[in-house]
Amino acid sequence: MAGNLTQYRSWGGYPRAQHVAVARPAWRDQLAAIVAESGPWLPFGNGRSYGDVCLNDGGKLIDMRGLDRFIAFDDEQGIVHCEAGTLLAEILALAVPRGWFVQVTPGTRFVTVGGAIANDVHGKNHHRVGSFGCHVRALTLLRSDGTLLHCSREENSDWFAATIGGLGLTGTIVSAELQLRRITSPLIRQQSIRMYNLREFFELSAESERDYEYTVSWIDCLAQGANMGRGWFFRGNHATGTRGPTHGQGTQLKFPIESPVSLVNHWSLRAFNALYYRKQWADRATTTVHYQPFFYPLDGILNWNRMYGKRGFLQYQCVVPPDCAYEATSEMLKRIANAGEGSFLVVLKVFGDKPSPGMLSFPRPGATLALDFPYRGTSTLALLNSLDEIVFEAGGALYPAKDARMSGAHFRASFPQWERFKTYIDPAHSSSLWRRVMQGEAS
Amino acid sequence: MRKVLIVGATSAIVNATARCFASEGDRLFLVARNSERLEQVADDLRARGAADVHCHVMDANDFAAHAAMIDAAREAMGGLDTVLIGHGTLSDQQACQQSVERTFAEFNTNCLSYLSLLTLLGNHFEQQKHGVIAVISSVAGLRGRQSNYVYGAAKAAVIAFTQGLRNRLAKHGVAVVDVRPGFVDTPMTAHFDKGLLWAKPKQVGARIHKAMVRGEDIVYAPFFWRWIMLIIRLIPEAVFKRLSL
Ligand SMILES: Cc1cc2nc3c(=O)[nH]c(=O)nc-3n(C[C@H](O)[C@H](O)[C@H](O)COP(=O)(O)OP(=O)(O)OC[C@H]3O[C@@H](n4cnc5c(N)ncnc54)[C@H](O)[C@@H]3O)c2cc1C
Ligand SMILES: NC(=O)c1ccc[n+]([C@@H]2O[C@H](COP(=O)([O-])OP(=O)(O)OC[C@H]3O[C@@H](n4cnc5c(N)ncnc54)[C@H](OP(=O)(O)O)[C@@H]3O)[C@@H](O)[C@H]2O)c1
């Protein structure tokens, strides 16, 4: 069942891992025999995590993409039951024409259901509906001893809570049942609002929570002083009419090859951020757009991560609690601007207070900031370490799906239930991330 | 709405094609030998929009069961106008060289079962005077190579047989499609290292669907195999026999 081992990377391309084998099951009944062999194993979804949460250096992967069958689609109730390797893109292709949409989607639709559960991902509507796991009705989990657990809020509820946000460590998710939401149009009515500073971001977030299902903002991370936090605030709702574009990204561009050096440097960033900030004349504009460019602006360019070059890049996503969100965020933006290292994609959003169902779920009340940095070695790491200080001083957390470097102490601070979680880990499963953050802990 | 008979429904390539028919709301009659996996495929195709899906468990090498299977398909769907035959095994050439029995067994699966089905279906379609019959052969059937000439020879027979059948049925308004895939990343080829020439089943399945809907004659999937095979076939035998292919 060998695949090409080198094709299994994470989205950031950093760090690289050497896997000793990859199993590629095509049928559910093949999984038990795979995990019965010596591991350690880690399920691999579609590699859209940035750091090492989907890597298993020196160990083995189970490529889940071969398990992409629907088991049932209930048109009336909006319930989809599918194998864990099914992409959200495949669910949407089926559901949207029938008037249904996923409750929660991350910023790319090329993630698997298993991956979305294992990281308990969030979307632009977190303040309304919570995380992805809130809408998982049930899942089946295969343990390496051959036990198949049916898990839901009622049945094996502790395994359910351990597996949502469980980072692929509690076993292999074989299938899941998801609740969808009704839509009457594939379109989104979106408003973009220019923000002049960070205060405005928090004001707009508070003001939009009630009337807008989706909110997110893009920040110009190079702007300093009075301009700090300037950018665009986007908010939107599913449209109710049907007039507007009927197609999303018909053709996709593909970033052809890995650039030998990063194309993301000080000059390209400065130009991009300045141009993007001036992208429209008016301070407010309301448009109707197809759901694809609204939710997935980057999915139109396959493999865009290649522009960062061979050294890859790091993502950084944190959440800081509401009471100090403004101070902590402005301090972080200040340090980023001073360091002159920034990213094309600085995204800021306020999470709501709907509890996440997983023991290790990342989403929690507060402001979440996400950025990416081309990997330039120690200077990049030093900046991120200095951001960590602010995050953990504030009692915040880092997101494992986007992490390649947080310390064990920071992991444990981010996820206070980690000790309880440990008892649910499958003895045949492990990951690069888990070994990294557990270094020095007695196992 | 098409009434589609699909033989080899648990194959990755065939399955990808079946998904295209399902999403158009067609009626499907699926044939495979593993009943549990066949049910999983059927569930998937139902969810994707197939009007209805029937399952029929049959080993393709049970030639005596072919006629009854075709009758069951016509009965279940209220007719039959589209057929895809795509089951197969990638023969172990070394093992076949050591065993006549093995070689013949491969011929049963990859050749004789096709000839049997095509004979029965050919008569049905000739009378009916419309419809499409498609088979999956392979670029391997276009020139014998030391590394897999048992498989290649079986596919070559299917290619020639299909060509004759096309010639016969063309006058009766029936299309006979011969799909010749190149390298496709499926369970059949799981043990190969994959390079640039490898295609995904989804891509090949979509191409097969298009060819069937249009009633094309000969299709290479992906297209560039037409040119690769042209070159391979142009190599003079005196040179070819010395190559290790
Ligand atoms: C452009 C872009 C935008 C993004 N935006 C967001 C966002 O807005 N919000 C957000 O939360 N995330 C976001 N992400 C991150 C992404 O949603 C998550 O990393 C997601 O989990 C990736 O899913 P995947 O299928 O690729 O899984 P992988 O990255 O391959 O794996 C992720 C984890 O899931 C586990 N896993 C996968 N399948 C299974 C299974 N069957 N059983 C058990 N464990 C399994 C793996 O072991 C690993 O721990 C974004 C990523 C990109 C590239
Ligand atoms: N993959 C390639 O590179 C490639 C290239 C050229 C041509 N092809 C051809 O494409 C077709 C599909 O192959 P694939 O790549 O999709 O491989 P696959 O996924 O391994 O499918 C092969 C299928 O054939 C079925 N089968 C084998 N013997 C059978 C029998 N006696 N009765 C009934 N079913 C039988 C298998 O069923 P079980 O699951 O029950 O074993 C399996 O579903 C084959 O004809 C193959 O020769 C493939």
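No hydrogens, no waters, no symmetry mates; every other heavy atom, side chains included, goes into these values. Chain identifiers are assigned alphabetically (A, B, ...) following the order of the sequence lines, protein sequences preceding nucleic acid strands; residue numbering begins at 1 within each chain.
Contacts of S23(B) with chain A are absent, with no heavy-atom separation under 4.5 Å from either backbone or side chain. Using a 4.5 Å cut-off between heavy atoms, E39(B) does not touch chain A at all. Residue contact with chain B, scored on non-hydrogen atoms closer than 4.5 Å, involves the backbone and the side chain of D68(A) alike. Residue contact with chain B, scored on non-hydrogen atoms closer than 4.5 Å, involves the side chain of A26(A) exclusively.
Cation-pi contact between R182(A) and W100(A): present, with separation from the ring centre below 6.0 Å and deviation from the ring axis of at most 45°. With F73(A) as the aromatic partner, R98(A) meets the cation-pi criteria of under 6.0 angstrom to the ring centre and within 45 degrees of the ring axis.
Annotation: Y114(B) is in aromatic contact with H87(B) [ring centroid separation under 6.0 Å].
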Sequence neighbours excluded and cut-off under 3.5 Å, please list the side-chain donor-acceptor pairs for residues 75-86 of chain B, or say none.
from   : atom 1 : to    : atom 2 : distance (Å)
D81(B) : OD1    : K3(B) : N      : 2.9

